[in-house]
Asks: 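Provided herewith is a single structure, encoded as structure tokens, for subsequent inquiry.
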Amino acid sequence: MWKGRFKTETAELLKQYSESISFDWRLYRHDIAGSIAHSKALLDGGLLTGDEQTQIESGLLTIRDEIERGGFKFSRDLEDIHMNIEAELTKRIGAAGAKLHTARSRNDQVALDLRLYLRDETDAISRSVQELQRSLVALAERNADVIIPGYTHLQRAQPVLFAHHLLAYVEMLQRDADRLADARKRINVMPLGSGAIAGSTINLNRELIAKELGFPAITQNSMDAVSDRDFACELLAAIALIGVHLSRLSEDLILWASSEFKFITISDAFTTGSSLMPQKKNPDVAELTRGKTGRLIGNLVSLLTTMKGLPMTYNRDMQEDKEPVFDSVDTIKAALDVCAAMLLEIEVHADRAAEAVNDPLLLATDLADYLVKRGVPFRQAHEVIGKTVALCAERGVTFHELTLADYQKLSPAFENGVLALLDVRKSIDERQTIGAPSTKNVAAQLQRWREKLAS
Ligand code: ARG
């Protein structure tokens, strides 16, 4: 492609070092769509005849079909997907093919391909995020009555509905979906026509290309357009954060599936055994997801690091954008899909959850609130209940075994009937503030999500 300027062949070692076809071949569909749109702009500008444009378009479509059927032979000597396709086209149709690269550089071509690819993949990831939200809502609805201890510092804190816990992840994933939609806006800008750095002396109808490819906007600075990978960084950041959310969900599932908790059983289809210990049933999906999140964060850091030292404009370093991008896209889609499928088959052990939540100490804050409602300042109430807990510990009993006299010795504000308060379900249903887990609130949230996710 650059033989005019060079006297000797590229060294074999360099060919191996610089090729990207082994991984960027997967941009072929977008590369071909971009080239067809480009050929239409060349036709519009009088740089191709109608016949030449037709030859280019049908030649490219034939190549696309061959790649799809696995019958196309990629050549490492042609370095990347852009040159592989163009060279093959020219081999097949001759002169017209050699005109395709008019007013174009691989610098704006690769920027276009990556944007087209990421636009599609952002949509696919968004669909998978929504599917996982649906799975979480379904699991919550199937176990709408289950109460578990909520934890802070991994210490039992207060009772919550299991559904409330799961809906927390639905909220996180909704922010992820919003971030994807936002990143998509900046992916969806058309860079072709920026050339290598400074556009072209040949006037190209960029609006036509944008319209052909469904871009609502066109880049406005050719130097920015060929050197910008912000849109890829943003998407990798959004993906890394989805990974963080999946990793936290995984950690919850791993804990819940342990013998110590035993709140859930993950189905055989989504667990594995041990080659040594016959009794083992391991939550590998969750562990792998937690593990793969490291790669997603690494990919973001990798791309940011690649970009941070680059002088304007395009530098070959930028070819290193592809592997982290492809890996993050593949990994997050797989993780979202497998988690969504696994959740649908989780069995919840309401009895074990009830046992765990039956710890009266979880209602200590309710007792403090009881005193507050009787006029005791909260700090004081907190201290009184602290002493109540200490008294229980001293006697080896729970709140229920203390007498009214015991309570009244701790604070005269305690009245007959205080013990009736010590009921987990009641405690939950008293929590009616917006966002709190009363049965009624959670049912309304479940319905809100069901309706939102149905569309
Ligand atoms: N394979 C290259 C990449 O991925 C395409 C652009 C190459 N441009 C160049 N001037 N060598 O970035």
Side-chain angles (χ1 to χ4, degrees), residues 1-6 8-11 13-35 37-38 60 63 67 72 74-90 100-121 187 189-200 202 204 209 219 221-233 235-236 299 302-330:
M1 294 275 170
W2 47 75
K3 57 182 188 291
R5 165 77 176 77
F6 289 67
T8 57
E9 262 283 296
T10 314
L13 271 175
L14 172 54
K15 282 186 193 167
Q16 274 178 42
Y17 193 58
S18 71
E19 68 85 20
S20 55
I21 189 63
S22 56
F23 49 87
D24 71 9
W25 67 270
R26 58 198 275 173
L27 295 174
Y28 73 89
R29 241 181 328 112
H30 305 102
D31 194 75
I32 286 172
S35 285
H38 185 65
L60 287 171
I63 290 173
I67 296 174
F72 188 87
F74 292 107
S75 157
R76 199 204 53 190
D77 287 356
L78 291 165
E79 217 178 270
D80 58 24
I81 185 63
H82 324 296
M83 297 214 282
N84 264 269
I85 291 176
E86 190 195 327
E88 184 60 28
L89 179 72
T90 306
L100 176 61
H101 213 50
T102 307
R104 183 174 77 171
S105 152
R106 278 186 296 156
N107 296 355
D108 56 350
Q109 188 176 2
V110 73
L112 174 67
D113 291 7
L114 195 60
R115 285 170 182 273
L116 285 169
Y117 163 79
L118 287 181
R119 190 173 68 180
D120 280 354
E121 294 299 344
I187 290 171
V189 185
M190 208 293 293
L192 203 68
S194 303
I197 169 169
S200 171
I202 295 161
L204 202 64
I209 299 175
T219 58
N221 180 302
S222 62
M223 293 178 74
D224 178 41
V226 293
S227 63
D228 171 29
R229 292 293 181 273
D230 292 0
F231 58 95
C233 293
L235 185 64
L236 290 199
N299 288 337
S302 159
L303 184 56
L304 288 171
T305 311
T306 297
M307 297 306 295
K308 73 174 268 298
L310 298 187
M312 290 285 269
T313 51
Y314 178 86
N315 294 269
R316 191 64 185 277
D317 315 44
M318 287 162 68
Q319 180 167 298
E320 296 295 315
D321 61 358
K322 285 173 204 63
E323 286 157 296
V325 162
F326 293 155
D327 183 55
S328 280
V329 165
D330 292 344

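Residue numbers start at 1 and run along the sequence shown. All values below were derived from every heavy atom in this structure, side-chain atoms included, with hydrogens, water molecules and symmetry-related copies excluded. Just follow the structure's listing: the first ligand is 1, and inside any ligand the first atom is 1.
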Asks: Look at E121 together with R26 and state whether they make a salt bridge at an N to O cut-off of under 4.0 Å.
Replies: no
Asks: Of the side chain and backbone of Q109, name the one, both, or neither that has a heavy atom under 4.0 Å from an atom of ligand 1.
Replies: neither
Asks: Using heavy-atom distances only, which candidate in Q319, E79, E19 approaches atom 2 (C) of ligand 1 most closely?
Replies: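 Going through Q319, E79, E19 one by one, Q319 has the nearest heavy atom to atom 2 (C) of ligand 1.
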Asks: Tell me which protein heavy atom sits closest to atom 11 (N) of ligand 1, plus the residue, atom name and distance to 0.1 Å.
Replies: R106 NH2, 3.4 Å
Asks: Check each atom of ligand 1 against the heavy atoms of S20 and keep those under 4.0 Å away; list them by number with element.
Replies: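 The atoms of ligand 1 under 4.0 Å from a heavy atom of S20 are 1 (N).
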Asks: Under 3.5 Å between some N or O of ligand 1 and some N or O of R316?
Replies: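 In this structure, R316 places no N or O atom under 3.5 Å from an N or O of ligand 1.
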Asks: Identify whether the distance between the nearest side-chain nitrogen and carboxylate oxygen of D24 and K322 falls below 4.0 Å.
Replies: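 Here D24 does not pair with K322 in a salt bridge, since their nearest N and O are not under 4.0 Å apart.
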Asks: At a 4.0 Å threshold, what atoms of ligand 1 neighbour a non-hydrogen atom of D80?
Replies: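 Close to D80: 1 (N), 2 (C), 5 (C).
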Asks: Looking at Q319 and S18, would you say the former's side chain and the latter's main chain have a donor-acceptor pair under 3.5 Å?
Replies: yes
Asks: Any carboxylate oxygen within less than 4.0 angstrom of a Lys/Arg side-chain nitrogen, looking at E9 and K15?
Replies: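 Salt bridge present between E9 and K15.
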Asks: Without swapping roles, check the side chain of D317 against the backbone of T306 for a donor-acceptor pair under 3.5 Å.
Replies: no
Asks: Out of L27, I197, N107, whose heavy atom sits nearest atom 10 (N) of ligand 1?
Replies: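 Closest candidate by heavy-atom distance is N107.
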Asks: What residue and heavy atom of the protein are closest to atom 3 (C) of ligand 1, and at what distance?
Replies: Y314 OH, 3.3 Å
Asks: Any idea which atoms of ligand 1 are less than 4.0 Å away from a heavy-atom of K322?
Replies: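 Near K322, the atoms of ligand 1 are 3 (C), 4 (O), 12 (O).
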